[in-house]
Amino acid sequence: MDVPHKFQFAIDRGGTFTDIFARCPDGKVRIMKLLSEDPANYQDAPTEGIRRILEEETKVVFPRDLPLDTEHIEWIRMGTTVATNALLERKGERIALLITRGFRDLLHIGNQSRPKIFDLEIKMPEVLYEEVIEVQERVVLQRGDCRLPNDPSIRSFIGSTGDSVEVWEPVNLEQLKTELLGVLSRGIRSLAVVLLHSYTWSSHEHQIGELARSLGFPHVSLSSEVMPMIRMVPRGYTACADAYLTPCIQRYLDGFCNGFKNRLKDLQVLFMQSDGGLTPMHSFSGSRAILSGPAGGVVGYAITTYRHDHPQPVIGFDMGGTSTDVSRYAGEYEHVFEAITAGISIQAPQLDVNTVAAGGGSMLFFRSGLFAVGPESAGAHPGPACYRKGGPLTVTDANLCLGRLLPDYFPRIFGASEDQPLSLDDALRKFRELTAEINRIQSERLGAAVSLSIEEVAMGFVRVANEAMCRPIRSLTQARGHDTSRHVLSCFGGAGGQHACAIARSLGMKSVFIHKYGGILSAYGMALADVVHEAQEPCSMVYDADSYRQLEERMAALEKQCIEALQKQGFHRSQISTEPFLHLRYERTDCALMCSAKGYPPTGDSCHVGDFKKAFCDRYMTEFGFTIPSRAIVADDIRVRGTGSTGIRCESCIQPSGLPARVETVTKCFFEDGYKETPVYLLQDLACDHAVPGPAIIIDKNSTILVEPDSAASITEYGDIQIALGSGHRRAIGTEMDTIQLSIFSHRFMSIAEQMGRILQRTAISTNIKERLDFSCALFGPDGGLVSNAPHIPVHLGAMQEAVQFQLRNLQDDIKERDVILSNHPRAGGSHLPDLTVITPVFRVEYPRPVFFVASRGHHADIGGVTPGSMPPHSKSLREEGAVFTSFKLVHGGVFQEEAVTEALMAPGLIPGSSGTRSLHDNISDLRAQVAANQKGIQLVTELIEAYGLDVVQAYMAHIQANAEVAVRDMLRDFASRWERLTGALEVESVDHMDDGSPIKLRVSINKEEGSAVFDFSGSGHEVFGNCNAPRAITFSALIYCLRCMVAQDIPLNQGCLAPIQVLIPKGSILDPSPDAAVVGGNVLTSQRIVDVIFKAFGVCAASQGCMNNVTFGNQKTSYYETVAGGAGAGQRWNGRSGVHTHMTNTRITDPEILEKRYAVVLKRFELCPGSGGTGQYLGGDGVIRELLFRDDFILSVLTERRVFRPYGLQGGSPGAPGLNLLRYSDGRTVNLGGKTSVPVKPGDVFMLHTPGGGGYGETKEKEEPPLPSAIHPHSFAERGSVFEYRMAQETV
């Protein structure tokens, strides 16, 4: 270890505590932890920590009210949550957004999806800007296929990507000046500017920036400077975040500097960025500060845990009070380049830190027969029950009651006077109450005879918390083709030490590493980190020999920029290294990977920097299991990461003691098989020759570490803790229902479905499945009943169960081992033909019939039919919509039937006017991927069976289904009681209509005692001569969706939800059509009306837009399909959200810049339609206006509803406005296209789509204001990271 000449400070200023790691001139290390906010004692925690350490070590008094003298300080490095907290709590700078005219609401609409598909009150963080100025300007990309008349007044330029752009309208600076002065007069001093295509041609943004600064705006964030990447929406969010947060950071830094003499002039002060690199204080900006604190922890464990001589990958596990951060390191930092934090998508290099699941303060609940942990957190105030402030039960309380936390070794900072120890009595009292409630419910409702003890309940919650944390770790590793069990678990943070052994063992890991500074590892990581400067610019080149020279020149220019920036900071050239990256993807895909050529030396067929193509193909193969050799590779961005190495290492060896490890005390800890005598050790007393067998507790100043039985801890030469895990004790599980085990199995079953989905996404090739994630994977019992379905795509819910049960009835004994069945027919449980379902039966020795089933359903982009995309707006029979499969043996006797399935997929081409599949290669590849996903499910369930036994696994499948049934019965009983009190009846009914007049009619009869109901759709309209017929499976999907929304709890979605329900659907109706009826509109339109009718009957909320607004345009060269958002219905306590997808769909919409880059169209307008939501006490959400200008000949198809019958209001609220489809021809004539049509369009024609608004709720009167949705509650659990992004993408298709 090198010895510093002066004091060196590394500080992590967190939301609750500030951690300080300091190195003194004599080599001594000081650790300090302070409250981040303590205004009674100091103004700024980092400054106070530095002051105290300087005073204690130099014996010189540094008065708190005077600026600190910096002569003793060599450097300060810091990470801070200032930006994150300002974003979470919406306490940033007041800003205005300047955006291209026609797009004022673009960032409100975003990608049009909603975050939680079962929440009828759609809560989304509000936009960051206060005002919007629409800028009169327009830039479009030049296209070779544009057939608009030439306009000699239009000027063309070459953008930074190499794309040519046309300036259709110069920026109107005079009008803008007037509007900016008005904004400035209203006290707004920070601006975010985002204009279409500014990522490649930024002249208009720079003109606006110069004007704004000349008018006196102190901060202007130009999207082209903040992050010049294609995609206007995330780039706009990033610019807003920068404008919103950077002034806050600057104010904080200004206050920090004021605490020191000369305002820290000439002192090296560096701040940690989200990408894991340090940057000078003056360069620290809002958009790159979001993960400032957690990034230090990643650097800390990466440097201290990963060994380059024995390269075993590491999972970082940082468990704090509110949540847990999970990340991975395998020799290189894993970055993401777009991530959502507090509802804002930010484009910037960020370490892939996944904030997940339970923290120490996560609250404990018993809901509908299941143990649940979080996501709500007790926070610091009131904190857990044991904090003596009347707080709720939390994970911390559970560990305390189990003897895993010892109050004598905690500081006395609790209670109202903040001078009391942790209270075991308070925790035990609340656990007694909860245990009594659990035992009562089990006895009354579930028929359980065994009573649980307090310890068993506390242990149950710990086990459930552990399983909840294991799920995202499995996803993080397996999503990228890595084996979770081959990792080391590096545990840090205050709460993780009590859980590390159990989590590692559950994941199959053999080793846990805990650094001696694990309690403050984020601060320590900042001491070890390097200084980083990054340069990036957009690109739009095919990676081939023709582009190598230009790419090399651009990389060299960016490299020079990085080197010069680091040299200005005092680094010698020998300390600087650079690494170039290319953001590469296959042509016609969206899945781009940021690739370095490190380890890939140049070849004769690569650029001189390195073989980026091989680097890309190898990584693609690792992550996705295949490559696409026939496709060109496109470079979207060029990035260079320059690193100034500090060369600092702080490790020092400790001496062996030569004596046995000293036992501080012995306590009793509760484990799976009861209490055990557990020795307690102090880490400071342990030397490198000590081994500590489990069970044991090792206590450090900032954390408590539990060494479980059958594990052993050893101390390394540097004083760190290494725990080797044994197999552990597995308690025998019987088939009788155990509520704790039920909660564990709930997670395990869901994890199986999730991991199947990851395999499908990795191995599929089509955009629909690989990138839009339009698929579902599910696990079924031996009767075909759904056990777990994840993630949840509304229109697939319940329908897959119908598909599996049809095969059981149809094939009976012809379901054989090593067979795989393909189905999509509506009478076989299909939704519409493009959704292909692959079903695999699973057999066990000595069992003649399948013991369970796994299935995957994926939306294939084309399976033939009369129109590209297999979604014709005017189909009259099923055969016009594509290839049909009823009980097709896709795999027979273990052999994939490629020839037979190809013949079936091409069969529609034999029908006059129709075509076979237009995407045969993608179809075959995706079907193979679905088979592989099913095989993964079989493997995982087989492992579960081998661990617990088939009888136990099948028993818990049934228990999970029964649990969902209980939740639905409770909801029905509760509704029946309220409705009977109000009306004296136990029946509800409603009717609504399709635009052709077809009624959808429902009568619900409820049995209050049983908690059951009959849903009778008698009286619904006849099958229609069109495609709005809905197969029975669609009604079941809509019904299970509605039931889940009305239960309003996170219950397992399985066949148990429908067990209390009898559904009556008249044969030959629009809801149960004949086998040959056309159904494509039933899936995307009628499904929404069924939901409207159910919610209307129960009086849940006003109607949402009730349509998916399907729009397709195409020609012989290309085709495009989108669904468009509208207004959400209002409810009893909430206004409907505007510009969002609702109910049975949640598709994301293509970014405007991507749309215009790939297709010969110009998006003229995409904004809300004010006043289209219904009025009432609570307002319906507004629909949107979307205008497309065509630049080439296309066929335009629309498949829409709610153009005649308006979305209803409830309780006196008015209906929402109907939708409208208009076409304005280039000659100025405008026509109404109606709801469903296909028309040819010419260059210059404009399609104008007005989507329906949501209905209002309640009569218009003085109302209580609903709670503002603008801020995320500070005690809530805010997820982030690639696992979260994946789930959000999966739930938005």
Side-chain angles (χ1 to χ4, degrees), residues 99-104 106 134-157 159 163-172 195-197 200-201 204 232 867-869 873-874 1109-1122 1124 1149-1167 1169 1184-1200 1203 1219-1251:
I99 194 166
T100 302
R101 184 172 56 183
F103 296 88
R104 63 174 296 112
L106 182 68
E134 292 189 81
V135 181
Q136 290 187 29
E137 68 86 42
R138 193 56 159 99
V139 173
V140 301
L141 296 177
Q142 204 171 72
R143 297 185 61 92
D145 56 359
C146 177
R147 298 181 55 238
L148 291 170
N150 286 328
D151 183 344
S153 67
I154 291 177
R155 299 179 63 195
S156 298
F157 300 89
D163 293 313
S164 295
V165 300
E166 297 175 353
V167 178
W168 283 15
E169 183 178 8
V171 61
N172 186 334
L195 305 179
L196 266 162
H197 303 298
T200 183
W201 194 74
H204 282 179
M232 186 183 189
T867 61
H874 280 321
N1109 300 298
N1110 303 270
V1111 178
T1112 306
F1113 61 83
N1115 54 27
Q1116 294 300 314
K1117 297 172 288 186
T1118 189
S1119 66
Y1120 174 72
Y1121 168 70
E1122 68 183 15
V1124 185
I1149 200 159
T1150 305
D1151 188 272
E1153 290 174 345
I1154 297 290
L1155 178 69
E1156 293 189 5
K1157 185 174 178 64
R1158 294 189 181 171
Y1159 304 97
V1161 295
V1162 172
L1163 185 61
K1164 291 176 64 68
R1165 192 177 176 197
F1166 188 32
E1167 58 191 15
C1169 182
V1184 304
I1185 300 172
R1186 187 168 173 87
E1187 296 185 2
L1188 287 168
L1189 167 69
F1190 298 103
R1191 304 172 77 180
D1192 197 359
D1193 292 311
F1194 290 108
I1195 298 295
L1196 169 69
S1197 299
V1198 292
L1199 184 57
T1200 61
R1203 267 54 185 171
L1220 184 64
N1221 306 328
L1222 300 175
L1223 181 64
R1224 187 176 68 230
Y1225 290 104
S1226 57
D1227 63 6
R1229 184 168 53 104
T1230 300
V1231 298
N1232 185 339
L1233 295 176
K1236 301 167 184 68
T1237 193
S1238 285
V1239 294
V1241 290
K1242 299 287 185 184
D1245 294 346
V1246 178
F1247 173 57
M1248 297 179 288
L1249 172 69
H1250 294 232
T1251 68

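Values reported hereafter were calculated over all heavy atoms of this structure, with side chains retained and with hydrogens, waters and symmetry mates removed. Here the structure is a predicted model, which is why all the values come from computation and not from measurement.
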Would you check if N1232 and L1222 make a side-chain contact, meaning some heavy-atom pair closer than 4.5 Å? yes
Nearest-0.5 Å distance that lies between atom OH in Y1225 and atom NZ in K1242: 10.5 Å
Hey, are R101 and E169 close enough for a salt bridge, meaning a charged N less than 4.0 Å from a carboxylate O? yes
Which atoms form the tightest heavy-atom contact between P873 and T1237, and what is the distance? CG-O, 3.9 Å
Please say which of V139, L196, V140 ends up in a side chain to side chain contact (heavy atoms under 4.5 Å, CB included) with V165. V139
Strictly distance-based, threshold 3.5 Å: is any side-chain N or O of E1122 a donor or acceptor partner for the main-chain N or O of I1149? no
Main-chain N/O of V1184 paired with T1251 side-chain donor or acceptor, under 3.5 Å: yes
Going from CG on N172 to NE2 on H204, what distance comes out if it is rounded to the nearest 0.5 angstrom? 10.5 Å
To the closest 0.5 Å, what do you measure between CZ (R104) and CD1 (I99)? 10.0 Å
Locate the shortest heavy-atom distance separating L195 from M232; write the atom from each residue and the value. C-CE, 4.1 Å
Check this for me, if you would: do K1157 and D163 make a salt bridge, where the nitrogen-to-carboxylate-oxygen distance has to be below 4.0 angstrom? yes
Non-hydrogen side-chain atoms of L1189 and V1161 separated by less than 4.5 Å: no
I'd like to know if the side chain of S156 and the backbone of E166 have a donor-acceptor N/O pair within less than 3.5 Å. no
Mind listing the closest non-hydrogen atom pair of T1200 and G1234 along with its distance? OG1-O, 4.5 Å
Which heavy-atom pair separates F103 from E134 by the least distance, and what is that distance? N-OE1, 3.8 Å
Any donor-acceptor pair under 3.5 Å from N1221 side chain to L1233 backbone: no
Applying side-chain hydrogen bond (donor to acceptor under 3.5 Å, both in side chains) to S1197 and S1238, what does each step give before you reach the verdict? CA-CA 4 Å; S1197 299; S1238 285; 2.7 Å; yes
CZ-CE distance between R1186 and M1248, expressed to the nearest 0.5 angstrom: 14.5 Å
Would N1115 and D1193 satisfy side-chain contact (heavy atoms from CB on, under 4.5 Å), going step by step from the backbone distance to the final call? CA-CA 7 Å; N1115 54 27; D1193 292 311; 5.7 Å; no
Are R1165 and E1187 close enough for a salt bridge, meaning some N to O gap below 4.0 Å? yes
Heavy atoms of E1156 and R138 approach each other most closely as OE2-NH2, 2.5 Å
Less than 4.5 Å apart, side chain to side chain, heavy atoms only: is that true for W168 and V1162? yes
So do the side chains of F1190 and V1246 get within less than 4.5 Å of each other, counting heavy atoms only? no
Ion pair check, R143 and D1192, cut-off under 4.0 Å: no
Roughly how far, to the nearest 0.5 Å, is CZ of F1194 from CG of L1188? 10.0 Å
Which heavy atom of V1231 sits nearest a heavy atom of R1229, and at what distance? CG1-NH1, 3.9 Å
Can I1185 and F1166 be said to form a side-chain contact (heavy atoms from CB on, under 4.5 Å), step by step? CA-CA 6 Å; I1185 300 172; F1166 188 32; over 6 Å; no
Less than 6.0 Å separating the ring centroids of Y1120 and F1113? yes
State whether D145 and R1191 are salt-bridged, where the test is any N-O pair (Lys NZ or Arg NE/NH1/NH2 against Asp/Glu carboxylate O) under 4.0 Å. no
Walk me through whether T100 and E137 qualify under side-chain contact (heavy atoms from CB on, under 4.5 Å). CA-CA 6 Å; T100 302; E137 68 86 42; 2.6 Å; yes
Atom pair CG/CG of D1245 and L1223 - distance to nearest 0.5 Å: 5.5 Å
Please report the C-alpha distance between F1247 and V1111 in whole Å, then the side-chain angles of each, then the deciding distance to 0.1 Å, and finally whether the side-chain contact (heavy atoms from CB on, under 4.5 Å) criterion is met. CA-CA 10 Å; F1247 173 57; V1111 178; 4.0 Å; yes
